[in-house]
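Report on one structure; see the data block that follows.
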Amino acid sequence: MILEVIIFKINYMLKRVYLDYAATAPVDERVIKTMEPYSRRFFGNPSSLHYFGQQTRGAMETAREKIAHLIGAQPEEIVFTSGGTEADNFALKGVAYAAKLSGNHFITTKIEHSAILNPTKFLAKQGFAVTYLLPQKDGLIKPEDLRAVLTDKTILISIMHANNEVGTIEPIKKLAEVIKKFRGAKKFPLFHIDAVQTVGHIPVDVDEMGVDLLSISAHKLYGPKGVGALYVRKGITLEPFMHGGEQERGRRGSTENVAGIVGFGKACELAEQEMDAERVRLTKLRDYFIKEVMSKIERVTLNGHATKRLPNNINLSFESIEGESMMLSLDLAGIACSTGSACSSNTLETSHVMLALGVNPEMAHSSLRFTLGKETTKQDLDYTVNQLVKIIKRLRDISPFGH
Ligand code: PLP
């Protein structure tokens, strides 16, 4: 018992550095404050026509406006979902079932999140054809590679805006131009982007980028978990993913998560005000961290594109060491980071993203992802570099391939 108390106290007193913002971000205090009344006083069902319902309906519509504004869309083009995964599923299956008579071909990439890859596998089993584009070594998809696989049967292209593991930002505007030119006056193919890692972090404008569908998740931009949205360009009809009541203009049944949506709206409002300054601050911290690690530790490589990458993403491979050993040692020193994506980091499978980038399996297993956020300071990064230097030295000393 005494030992347990001591361990608890040591754990509690240990310096904690959170460098896993791509997995999830803490909810901003201002977001929590905005949500609170909608978990208590304002409880009406937004579909109800009485006073109580209209109170929550009003708040929900205000949130919808804020989310739409952040991405340059109209409020009625925003459909609330339970998160990024549902938004991705809705985009893919919604197009598949709505456009069945127009074609059966999907194009996506080998480096998508499982929220895209697993629905495409499901659709392939239903008789749809899927082409997976291979990126270059830096993670970029070439517009000419996309052009080469477009066919008259293609109904949807789904490409992530930025990769969650290595942070590479795709040339969405150029890819959209290829699609637009190919589509001409036809209705298909449509263009969907998974912007879960970018909305609220870098500028996103649906018209400027030329996209038809776009997925967002609130918990990646300091909002609550379990809420997200799919942007659906006006004029596009998708088969509902959730059949039920007439909520969301008949596009998604189920009573809306009002408190979550209100928090999501507030998070988007804050992102709009604070994103530019934060982007500059994080880019400087990111580059500082990379420089420090590279100058203090030997045999390290940066994965992903050197400059076309998320301001908060650092993905490094440390030769001769297992990513999991480093991650666990860092955790003992109070530092949280990840190996590959959070969803796959509890398995020892090689990251599908690293393999698609042509990173050899050994180096893929030696990678760590550090993702920075609002609360990250230079002191946090200095502490992390110091700990990393010690951990890498210790692990290389005991590794048979260490020297
Ligand atoms: N897409 C990407 C690129 C992601 O990084 C994630 C989450 O890590 C998702 C989709 C899934 O989002 P959610 O956790 O809101 O379902």
Side-chain angles (χ1 to χ4, degrees), residues 18-27 31 67 71 78-94 108-122 132-133 135 139 141 158-170 172 192-202 204 211 213-231 241-242 252 254 257 260-261 263-264 267-268 271 303-304 309-315 336-347 351-354 356-357 369-373:
Y18 185 75
L19 297 176
D20 204 12
Y21 281 81
T24 197
V27 185
V31 168
I67 296 155
I71 61 168
I78 301 295
V79 184
F80 290 120
T81 66
S82 64
T85 302
E86 188 189 321
D88 284 346
N89 271 266
F90 183 18
L92 294 167
K93 295 173 192 170
T108 186
T109 79
K110 286 202 180 234
I111 56 168
E112 299 298 311
H113 190 271
S114 51
I116 291 290
L117 292 179
N118 285 333
T120 57
K121 277 187 208 155
F122 168 81
Y132 297 93
L133 294 169
I141 299 291
S158 178
I159 296 179
M160 65 200 328
H161 188 191
N163 184 268
N164 50 300
E165 289 191 36
V166 295
T168 299
I169 301 171
E170 298 299 340
I172 296 299
H192 166 252
I193 64 168
D194 175 338
V196 166
Q197 291 290 342
T198 54
V199 171
H201 300 282
I202 60 174
V204 171
V211 301
L213 301 157
L214 177 148
S215 302
I216 321 176
S217 175
H219 74 103
K220 309 287 186 181
L221 59 134
Y222 308 97
K225 293 173 182 55
V227 58
L230 181 69
Y231 155 79
F241 174 62
M242 298 266 278
R252 189 208 188 243
S254 186
N257 168 6
I261 288 170
F264 183 12
C268 288
N303 298 307
R309 70 186 302 129
L310 287 169
N312 74 333
N313 175 294
I314 298 141
N315 189 312
C337 65
S338 93
T339 58
S341 76
C343 315
S344 64
S345 63
N346 57 356
T347 73
S351 148
H352 68 280
V353 174
M354 294 290 180
L357 262 50
R369 179 189 72 179
F370 301 91
T371 43
L372 324 181

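Remember, predicted model here, so these are calculated numbers, not experimental data. Just follow the structure's listing: the first ligand is 1, and inside any ligand the first atom is 1.
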Close-contact set for ligand 1 against [X] heavy atoms, below 4.0 Å:
X: N164; answer: 3 (C), 5 (O)
X: T85; answer: 11 (C), 12 (O), 13 (P), 16 (O)
X: D88; answer: 1 (N), 10 (C)
X: S217; answer: 13 (P), 15 (O)
X: G83; answer: 15 (O)

Residue pair [X] / [Y]: nearest heavy atoms and the distance that separates them:
X: V166; Y: R309; value: O-NH2, 3.0 Å
X: I116; Y: H192; value: CD1-CE1, 3.8 Å
X: I111; Y: P135; value: CG2-CG, 3.7 Å

Has K225 got more than 12 heavy atoms of other residues, nucleotides or ligands less than 6.0 Å from its NZ? yes
Compute the shortest N/O to N/O distance between G84 and ligand 1 and return yes if it is under 3.5 Å, no if not. yes
Looking at ligand 1, does any of its N/O atoms fall within less than 3.5 Å of an N/O of E86? no
Which distance, rounded to the nearest 0.5 Å, do you find between the OG of S215 and the NE2 of H113? 11.0 Å
Heavy-atom donor-acceptor pair, H352 side chain to E112 backbone, under 3.5 Å: yes
For R369 and N164, indicate whether the former's side chain and the latter's backbone hold a donor-acceptor pair under 3.5 Å. yes
Is it the side chain, the backbone, both or neither of H219 that has a heavy atom closer than 4.0 Å to ligand 1? side chain
Counting only heavy atoms, which portion of K220 has something under 4.0 Å from ligand 1: side chain, backbone, both, or neither? side chain
